[in-house]
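What follows is a single structure, written as structure tokens, with notes after it.
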Protein chains: 4
Amino acid sequence: MIKAGVIGATGYAGAELTRLLSRHEETEITAVGSKTHEGKKLSEIYPAMRGICDAVCISNSDVIELSDVVFACLPHGLSQDIAKACDDAGKLFIDLGADFRLTDEKAYETWYEGEFKYPELHERAVYGLPEIFRDEIREAKLIANPGCYPTAVALGIYPLLKRGLVEPDAIVIDAKSGVTGAGRVPSQTTHFPECNEAFTPYKITEHRHTPEIEQTLSHAAGKRLKITFVPHLLPINRGILATIYLRAKLGINEQALREAYESFYFGEKFVRILNPGETASLRNVRMSNYCDISLHFDRRTGALVVVSVIDNMVKGAAGQAVQNMNIALGLPEGTGLTMIPSLF
Amino acid sequence: MIKAGVIGATGYAGAELTRLLSRHEETEITAVGSKTHEGKKLSEIYPAMRGICDAVCISNSDVIELSDVVFACLPHGLSQDIAKACDDAGKLFIDLGADFRLTDEKAYETWYEGEFKYPELHERAVYGLPEIFRDEIREAKLIANPGCYPTAVALGIYPLLKRGLVEPDAIVIDAKSGVTGAGRVPSQTTHFPECNEAFTPYKITEHRHTPEIEQTLSHAAGKRLKITFVPHLLPINRGILATIYLRAKLGINEQALREAYESFYFGEKFVRILNPGETASLRNVRMSNYCDISLHFDRRTGALVVVSVIDNMVKGAAGQAVQNMNIALGLPEGTGLTMIPSLF
Amino acid sequence: MIKAGVIGATGYAGAELTRLLSRHEETEITAVGSKTHEGKKLSEIYPAMRGICDAVCISNSDVIELSDVVFACLPHGLSQDIAKACDDAGKLFIDLGADFRLTDEKAYETWYEGEFKYPELHERAVYGLPEIFRDEIREAKLIANPGCYPTAVALGIYPLLKRGLVEPDAIVIDAKSGVTGAGRVPSQTTHFPECNEAFTPYKITEHRHTPEIEQTLSHAAGKRLKITFVPHLLPINRGILATIYLRAKLGINEQALREAYESFYFGEKFVRILNPGETASLRNVRMSNYCDISLHFDRRTGALVVVSVIDNMVKGAAGQAVQNMNIALGLPEGTGLTMIPSLF
Amino acid sequence: MIKAGVIGATGYAGAELTRLLSRHEETEITAVGSKTHEGKKLSEIYPAMRGICDAVCISNSDVIELSDVVFACLPHGLSQDIAKACDDAGKLFIDLGADFRLTDEKAYETWYEGEFKYPELHERAVYGLPEIFRDEIREAKLIANPGCYPTAVALGIYPLLKRGLVEPDAIVIDAKSGVTGAGRVPSQTTHFPECNEAFTPYKITEHRHTPEIEQTLSHAAGKRLKITFVPHLLPINRGILATIYLRAKLGINEQALREAYESFYFGEKFVRILNPGETASLRNVRMSNYCDISLHFDRRTGALVVVSVIDNMVKGAAGQAVQNMNIALGLPEGTGLTMIPSLF
């Protein structure tokens with residue numbers, strides 16, 4: 001059994017990861033770490049885990065020592081030293097935070113107000129979006145697990161840009177996320193009576209996932225591109241739906257667009273391209289590692305609309321982290337990820 | 001125009017009260033007070049109020065000075081000095097907190113861990129449940145606005161106990177409240193992802209509204225009685241529904257029970273007794289000052305079930321406070337309280 | 001008192017309208033009509049209305065006969081004959097359905113599969129968006145109350161197009177609506193367990209409000225324009241939020257954009273332009289007739305984002321209908337529309 | 001692999017069962033039946049199942065023929081003939097409907113207005129509540145899967161009645177259920193805008209689960225008892241919480257009560273007795289087969305409150321059916337039931 005350790009296990013991503021790893025056939029959770037709750041059982045923080053994971057939260061360094069694979073689920077800025085420690089100890093490190101996602105230090109400075117402490121680690125870090133970078137992940141020792149919005153968006157339109165079927169400029173991304181995306185710490189914004197029966201965009205054109213999205217889409221397009229990205233807070237627990245507005249290049253018809261998806265995602269376990277006439281819905285991926293994508297072509301105006309949905313906590317965080325671990329360790333990619341979406 | 005001042009105007013009860021007073025034909029809001037937000041506009045805290053009430057939050061003492069009627073919407077323990085100041089200044093004081101609700105200092109000590117600082121004020125304080133104590137309210141200068149649960153429960157079964165139609169012992173009250181009842185300060189319990197799609201009882205048999213309920217019901221029964229009271233947190237914003245389990249006394253039939261309600265509440269504007277076959281529902285009183293009550297008699301077991309619903313923020317707090325003010329000032333009782341329940 | 005009659009009073013728009021008219025100082029509801037529920041009290045369908053409006057539903061022709069002002073809240077296709085009957089009887093008719101919104105019969109045929117039965121009525125029909133067509137409404141006897149999405153969108157960007165400050169092509173409108181927008185008739189889509197905790201776009205680029213939006217925006221731009229419009233179903237009861245993506249014309253800065261709004265909406269009672277740094281939120285307009293609008297300029301990409309929010313049942317339906325009636329009858333425009341948004 | 005067939009697979013219980021069986025290591029789904037949707041793929045009705053279960057719905061008789069184990073998820077009255085057909089064909093039959101739950105035909109007539117068509121089948125039917133009737137289930141060929149409320153209630157207080165620790169009379173059960181309990185067919189009651197932000201009791205003292213609850217509790221008490229049972233509709237998708245009010249017999253203290261639970265449920269996989277001070281919450285069992293139970297003793301009044309929670313679709317329906325199948329077939333009882341509750 002692979003020894004897995006989770007740092008930041010009491011946050012939402014960390015807890016979901018611990019939950020998934022608890023049923024993973026090839027791993028055992030050897031350590032859960034939490035600064036805030038050190039000394040407490042995980043099941044005291046999440047009573048749903050009573051009898052399932054009653055491990056006591058320990059320090060980060062103890063987690064590293066006890067584990068073969070280390071996951072960190074921390075606010076940005078806190079993972080670089082952990083990555084270094086894992087690297088020194090020769091352990092596989094998967095970071096669910098933002099520290100290793102951007103390859104451009106400038107962008108990291110601008111958007112996160114931080115710097116690259118160990119540039120050589122950043123060079124070896126692999127962006128863990130398996131459907132796009134699977135080969136690199138196979139060889140990786142340090143994996144930057146993508147953000148939730150970037151996962152939904154990149155999976156949603158990467159094939160179109162890669163094949164050069166759409167105009168790379170003026171892409172508009174209107175994204176909506178459930179409240180777990182805001183994390184476990186209470187705030188006025190996430191206080192039930194202010195969040196329930198409400199709906200609001202936030203960080204309009206200023207969200208930190210913007211450069212990450214642009215990085216992957218630029219990689220696809222083969223040129224630097226800029227997007228307009230507006231996230232909104234949905235009064236539901238889980239899920240991200242991104243509605244993406246593009247223009248097909250002259251002469252590209254719906255069939256060509258659809259084929260790009262089908263060939264690019266051929267054989268993929270976790271990406272489902274919907275049939276013409278179907279619309280991707282957040283409810284069909286909840287609690288699962290699926291990404292559902294639907295295409296909509298407006299003959300009247302020539303506009304192309306892509307809808308991409310994931311569970312932000314699974315494919316957008318913990319599930320994808322497990323998928324990355326599976327790939328990096330040579331396990332079957334779907335191990336521990338057989339969850340069927342909740343139907344209701 | 002009557003000069004109304006609201007202390008604690010940025011909490012939920014205070015804000016709802018300010019909202020109601022803003023459309024009251026006989027009052028003008030002359031001052032809103034807030035310790036936390038002193039110097040800020042109320043509409044900065046509640047942007048819904050932009051252009052409607054842009055008053056700047058000031059200190060408590062300034063509120064008292066500027067107002068003819070002072071409302072306080074504060075955690076328990078903070079209203080006694082304000083009551084004293086209002087009394088000294090000859091102003092009508094309506095307390096939406098708990099400090100003056102209990103007449104028995106012992107009970108106040110036990111449940112609230114406080115003491116009566118100005119016993120003479122407590123003697124003159126009137127419990128502001130208009131349908132039961134209207135005559136006293138008319139003469140009052142210090143009104144203790146009832147708690148939300150006690151309002152729903154007392155209105156729900158007072159007539160039965162008053163008429164001696166039901167056994168006063170072993171009354172079970174299973175109550176459910178929307179999350180605004182927990183106030184505006186965020187907490188883990190009220191964090192959207194933990195509150196949404198969830199449902200939990202809390203403070204089982206230990207809720208501070210217990211002695212207040214017992215006080216009013218004992219008053220009705222003419223003897224001290226004890227109840228079993230279990231509140232639950234509903235994943236909705238507003239409303240309280242109390243399901244109350246009683247036993248009719250031997251020989252009392254449904255007709256007699258129903259008549260007790262109809263005569264007791266005859267002519268009441270804000271209490272609606274439902275017809276046989278109808279069931280009180282929280283959705284029919286939202287945003288209004290109504291209390292809907294339905295009776296259900298189980299011929300098979302002899303049990304009597306009463307369902308009583310209010311909007312916890314209106315009849316359970318701000319609306320009732322306005323009703324009390326109207327009575328104490330000799331205005332028509334329904335002034336400023338013509339809100340029709342939201343239909344959906 | 002003006003005699004008001006509501007046809008289709010048991011649907012959501014009709015019921016909300018009846019609710020608003022019940023507290024309107026200058027009207028009395030003389031008749032409510034319903035085919036499905038003829039002979040039943042409105043308060044049997046909406047028990048929230050017990051004791052407030054217990055009128056019995058009668059036939060459409062009886063409603064017309066008994067009223068000075070007739071409102072129809074019906075599916076499209078059913079209002080033309082009613083309009084004719086009102087016209088013959090010389091009564092003011094306000095249609096909350098879609099039959100008279102489009103001036104172009106071709107568009108009506110294409111999108112609604114219907115035809116103009118009385119072309120002369122269509123010529124005299126006025127599009128009832130008061131902030132834009134107030135002068136025409138003043139003289140009108142037949143008012144087409146706008147759709148909910150078109151209201152939010154048109155108010156949101158009309159000034160920019162009118163002043164020629166933005167590119168009229170390639171406008172993208174990503175709109176989200178609460179479930180009351182789908183009406184009162186149950187369906188699989190609106191069945192609680194399938195709608196709750198879910199989120200889905202629908203009728204992508206095919207929604208019937210598209211030509212209505214284009215009609216008003218074309219009127220503003222002075223040329224025919226086409227938009228990309230994607231509505232989504234939000235798991236909340238009320239409200240519409242439209243996120244609108246545009247490009248300012250070369251050389252137009254944020255200040256110019258903002259001034260366009262401020263001068264266009266100067267003195268308007270129901271439109272609130274938010275300050276820089278503020279974001280329009282659905283929760284700040286619920287239960288009220290307000291439209292809140294915020295502007296967001298992305299210096300990095302040059303994109304302009306406008307957020308426009310209304311309560312779909314009030315400013316998007318019943319409230320606007322009352323506003324139109326007030327204007328057409330020469331009453332103060334805000335009569336009966338003083339509702340403050342619910343704070344929570 | 002065991003061949004499993006599900007009749008009524010497109011209803012909520014049937015679909016959840018199909019979902020669980022899709023990941024059960026020892027079964028394959030050989031047939032799904034649906035009258036309404038015969039000829040359609042299950043994944044057309046539940047797009048969440050795309051690529052997971054794309055089986056086409058067939059007729060009931062075909063399902064029986066193709067399967068070793070037959071599950072029926074049908075409204076009451078429709079299972080008796082299916083049971084007969086399974087019995088004739090020698091197949092294990094597990095009925096998720098109500099036809100075989102009551103042993104007393106009189107009660108079935110009174111509450112369900114039906115009759116026992118094959119009395120000998122009723123005699124051999126076993127009530128499938130594993131924690132109480134495991135030995136009988138092991139030998140059964142016809143299993144009546146319990147109702148959702150009866151499961152939560154019986155597990156909640158069976159040990160207390162069995163040991164004679166509480167008064168068997170005047171037990172009050174205030175239960176609350178998520179909306180999936182009302183099934184998949186839309187209705188006014190479950191229409192999102194009428195169900196959301198609302199809360200209402202229903203079928204007060206008249207719910208069909210009443211005799212089923214009384215049957216099991218009477219079995220525990222060794223005498224016929226009657227209960228007061230009031231269900232409520234919670235605006236959430238899944239879960240049942242029952243708040244149960246009892247009186248301990250004279251001289252019975254909290255310790256004795258707690259021990260009764262701990263010894264009765266010793267070694268049980270799916271029942272978790274909470275520690276003193278903890279409160280059972282619906283959110284801790286969602287999506288899992290657990291039943292969490294907490295005890296609360298009121299020293300002030302002597303009242304005993306028990307809180308019992310399950311996921312109505314899992315332990316209250318499909319999960320328990322799988323558990324019953326496992327037992328009847330001699331598989332490890334937890335096979336296919338390793339789901340960890342969703343944390344949020």
Side-chain angles (χ1 to χ4, degrees), chain B residues 10 12-23 25 42-53 178-180 183-184 196-197 235-238 268-275 278-288 290 292 294 311 313-314 318 338-344, chain C residues 10 12-23 25 42-53 178-180 183-184 196-197 235-238 268-275 278-288 290 292 294 311 313-314 318 338-344:
Chain B
T10 60
Y12 280 167
E16 182 75 359
L17 180 57
T18 306
R19 180 175 169 270
L20 294 183
L21 291 172
S22 297
R23 288 293 180 262
E25 298 87 338
L42 188 69
S43 57
E44 285 177 73
I45 315 301
Y46 292 94
M49 299 283 269
R50 278 187 202 103
I52 298 158
C53 179
V179 187
T180 49
R184 186 172 180 267
N196 180 44
E197 291 296 288
I236 64 173
N237 282 7
R238 287 165 170 265
E268 287 296 345
K269 217 181 194 59
F270 296 119
V271 176
R272 302 190 290 195
I273 305 303
L274 272 54
N275 294 323
E278 295 177 338
T279 300
S281 171
L282 199 148
R283 64 183 285 258
N284 293 330
V285 298
R286 277 179 312 194
M287 309 295 298
S288 82
Y290 288 104
D292 277 7
S294 66
D311 184 312
M313 284 289 122
V314 187
T338 56
M339 304 86 70
I340 302 179
S342 71
L343 304 180
F344 31 75
Chain C
T10 60
Y12 281 167
E16 182 74 0
L17 179 58
T18 307
R19 181 175 169 271
L20 294 183
L21 290 172
S22 297
R23 288 293 180 262
E25 298 88 338
L42 188 68
S43 57
E44 284 177 74
I45 314 301
Y46 292 95
M49 299 282 269
R50 278 186 201 103
I52 297 157
C53 180
V179 187
T180 49
R184 185 173 180 266
N196 180 43
E197 291 296 287
I236 64 173
N237 283 6
R238 286 164 170 264
E268 287 296 345
K269 218 183 192 57
F270 297 119
V271 176
R272 302 190 291 194
I273 306 303
L274 273 54
N275 294 324
E278 295 177 339
T279 301
S281 169
L282 199 148
R283 62 183 287 257
N284 293 330
V285 298
R286 276 179 312 193
M287 310 295 299
S288 82
Y290 289 104
D292 277 7
S294 66
D311 184 311
M313 284 288 122
V314 187
T338 56
M339 305 85 69
I340 302 179
S342 71
L343 304 180
F344 30 75

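Letters go in sequence order (proteins before strands), and every chain restarts at 1. Keep in mind that this is a model prediction, so the values were computed, not measured. Every heavy atom of this structure was used, including side-chain atoms; hydrogens, water molecules and symmetry mates were not.
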- B:R50 (side chain) donor-acceptor with C:N284 (main chain) under 3.5 angstrom: no
- Message: Please give me the minimum heavy-atom distance between B:S342 and C:M287, naming the atom from each residue.
- Response: CB-CE, 3.3 Å
- Message: Counting only non-hydrogen atoms closer than 4.5 Å, does C:Y12 touch chain B with its backbone (N, CA, C, O), its side chain (CB onward), both, or neither?
- Response: both
- What heavy-atom pair brings C:S22 and B:I340 nearest, and what distance separates the two atoms? CB-CD1, 3.6 Å
- Note on the structure: Heavy atoms of B:N237 and C:F344 approach each other most closely as ND2-C, 3.6 Å
- Nearest non-hydrogen partners of B:A48 and C:P341, listed with the distance: O-CG, 3.5 Å
- Message: I'd like to check the salt bridge (Lys or Arg N to Asp or Glu O under 4.0 Å) partners of C:R238; sequence neighbours left out, ordered by chain and number.
- Response: C:E16, C:D311
- Query: For C:T180, is it the side chain, the backbone, both or neither that has a heavy atom under 4.5 Å from a heavy atom of chain B?
  - Reply: side chain
- Heavy-atom proximity to chain B below 4.5 Å, by part of C:L20: neither
- Message: Is C:R286 close to chain B through its backbone or its side chain, or both, or neither, when contacts mean heavy atoms under 4.5 Å?
- Response: side chain
- Query: Where is the tightest heavy-atom contact between B:M49 and C:R272, given as atom of each residue plus distance?
  - Reply: C-NH1, 4.1 Å
- Could you tell me whether the side chain of B:M313 reaches within less than 4.5 Å of the side chain of C:L343, counting heavy atoms only? no
- Could you list the residues that satisfy salt bridge (Lys or Arg N to Asp or Glu O under 4.0 Å) with B:E44, not counting sequence neighbours? none
- Item | Side chain / backbone / both / neither for C:I52 at chain B, heavy atoms under 4.5 Å | side chain
